[in-house]
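This report concerns only the one structure given below.
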Number of protein chains: 2
Amino acid sequence: MKIEEEIKQSKFNNAKEKALVNIIYTANAVEDAFKKSLKSHGISLPQYNVLRILKGRKDGYATCGDLKEVMLDKNPDVTRLCDKLVTKKLILRSNNKSNRRQILLKISDKGLKTLEEIYPHFSAVNELLSHVPDDRLEILSDTLDMIRENLQ
Amino acid sequence: MKIEEEIKQSKFNNAKEKALVNIIYTANAVEDAFKKSLKSHGISLPQYNVLRILKGRKDGYATCGDLKEVMLDKNPDVTRLCDKLVTKKLILRSNNKSNRRQILLKISDKGLKTLEEIYPHFSAVNELLSHVPDDRLEILSDTLDMIRENLQ
DNA sequence: CGCGAATTTACGTTAAAACGAAGAATATTC
DNA sequence: GAATATTCTTCGTTTTAACGTAAATTCGCG
């Protein structure tokens with residue numbers, strides 16, 4: 001359905017306004033789809049992203065600052081986010097001897113196993129985009145990259 | 001900057017995954033820009049949207065259900081959201097005599113004035129997209145519409 | 001009419017985000 | 001090397017979101 005119909009707005013002032021509203025609206029739909037697929041595993045979307053980032057680390061370790069830099073939502077309180085993952089024993093925390101301000105985070109075996117369990121559900125969400133041709137998705141990504149240029 | 005660089009992910013598994021991550025990431029940037037422009041007025045983005053929706057009503061009135069249906073974030077607790085707007089005297093609440101379950105909401109004069117003050121800041125955010133050609137934005141919106149098709 | 005189902009809003013509770021500030025460790029500058 | 005600034009994480013507090021549930025009203029149907 002076109003965005004005008006979904007939010008029942010007869011028309012937008014211009015293409016910019018329409019694009020911005022559409023981005024927010026669609027992102028909510030995407031996040032909802034992911035949340036739904038994560039729900040049965042009892043972890044939130046940001047928590048899942050932390051696990052993925054940690055898994056992707058070559059040496060296995062990352063600091064809170066590393067995560068903050070890379071996460072989709074800016075300025076999350078990584079400390080408390082990770083507290084919950086530690087409680088669930090999905091990640092491990094240790095001190096960095098060469099810089100004692102930093103705390104090193106690492107995904108645990110249980111965390112890796114959880115990721116493996118989640119993966120099929122997650123890629124199922126990706127597959128909901130199969131009806132959109134890849135070249136259109138590439139153009140979309142390029143346009144989104146352009147949009148962010150002056151935005152932040 | 002391309003999304004891969006921003007979140008320092010060397011590459012995505014496929015165009016679908018990249019597009020979905022990019023949508024969420026860009027939406028966060030857009031919301032941040034709007035929030036910043038609203039901050040000095042002391043209202044949140046959802047609150048602003050409620051004001052805009054109420055202003056757009058022909059007869060001036062809307063119920064909580066009307067708002068819920070149209071809002072960008074689904075299933076917000078409209079009651080408490082509107083509580084805050086009532087406290088700030090930006091909207092008015094009254095009972096519907098023909099259906100006493102419903103509560104009618106209406107934007108106040110102060111609310112209209114607030115919208116007028118905010119408008120220039122808001123359209124300034126839109127103008128940050130001026131470097132993106134309109135036809136690209138139109139294609140973007142069409143692709144986002146397609147993406148939502150199977151998603152919700 | 002009377003009963004159950006559906007709609008609409010409100011609320012209680014728990015979890016998470018927002019924001020600022022503090023504390024500890026390190027880096028920099030003179 | 002002492003003072004200052006900066007970095008990195010944590011914490012307190014206040015808002016806001018999430019989620020289920022309850023209360024009130026209306027509707028549908030026999």
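Just so we're on the same page: letters track the sequence lines, and every chain starts at 1.
At a cut-off of 3.5 angstrom, the base of dT7(D) holds at least one donor-acceptor pair with the side chain of R101(A). Between the side chain of R100(A) and the base of dG23(C), no donor-acceptor pair of N or O atoms lies under 3.5 Å.
In this structure, a donor-acceptor pair under 3.5 Å is absent between the side chains of N126(A) and N14(B). For the residue pair T114(B) / E117(B), no side-chain donor-acceptor distance below 3.5 Å is found, with atom types taken as modelled.
Under the 4.5 Å side-chain heavy-atom criterion for Ile, Leu, Val, Met, Phe, Trp and Tyr, L67(A) and I7(B) are members of the same hydrophobic cluster.
Within 6.0 Å of the CZ atom in F122(B), the count of heavy atoms belonging to other residues, nucleotides or ligands exceeds 12. Residue D109(B) qualifies as open at atom CG: its count of foreign heavy atoms under 6.0 Å is 12 or below.
Whole-Å rounding puts the L67(A) CG to dT7(D) P distance at 19 Å. Atom NZ of K97(A) and atom P of dA24(C) are 22 Å apart (whole Å). Whole-Å rounding puts the N96(B) CG to dA10(C) P distance at 13 Å. Atom P of nucleotide dT10(D) and atom CG of L105(A) are separated by 8 Å, given to the nearest angstrom. Spacing between atom CG of L81(B) and atom P of dC19(D) amounts to 17 Å, rounded to whole angstrom units. If you take NZ of K68(A) and C1' of dC8(D), they are 8 Å apart, rounded to a whole angstrom. Put simply, CG on N95(A) is 15 Å from P on dA24(C), counting in whole angstrom units. In this structure, the CD atom of Q102(B) is 18 Å from the P atom of dA6(C), given to the nearest Å.
Comment: D83(A) does not engage R80(A) in a salt bridge, judged by the lack of any side-chain N to carboxylate O separation of less than 4.0 angstrom.
If you find the closest nucleotide of DNA chain D to K84(B) and to S98(B), the one lying nearer the 5' end belongs to K84(B). Each of I103(B) and R80(A) was matched to the nucleotide of DNA chain C holding its nearest heavy atom; the match closer to the 5' end belongs to I103(B).
The shortest distance between the side-chain N/O atoms of K35(B) and the OP1/OP2 oxygens of dA18(C) is below 4.0 Å.
Proximity of residues 44-66 of chain B to DNA chain C (heavy atom under 4.0 angstrom from any strand atom) is restricted to T63(B), C64(B), G65(B).
Using a 4.5 Å cut-off on side-chain heavy atoms (C-beta onward), S123(B) and E17(A) make no contact. A 4.5 Å side-chain heavy-atom check between I118(B) and I43(B) finds at least one atom pair inside the cut-off.
Side chain of R93(B), nearest nucleotide from dT25(D), dC19(C), dA10(C): dA10(C). Taking only side-chain atoms of D77(B), from C-beta outward, the nucleotide of dG12(C), dT10(D), dT8(C) with the closest atom is dG12(C).
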Read 5' to 3' with Watson-Crick or G-U pairs under 3.5 Å, [ ] for crossing pairs and | for partners on another strand, DNA chain C gives ||||||||||||||||||||||||||||||
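Nearest heavy-atom pair, I139(B) versus R136(A), reported as atom, atom and distance to 0.1 Å: O-NH2, 3.6 Å.
A distance-only check finds a donor-acceptor pair linking the side chain of R148(B) to the backbone of M1(A) [under 3.5 Å].
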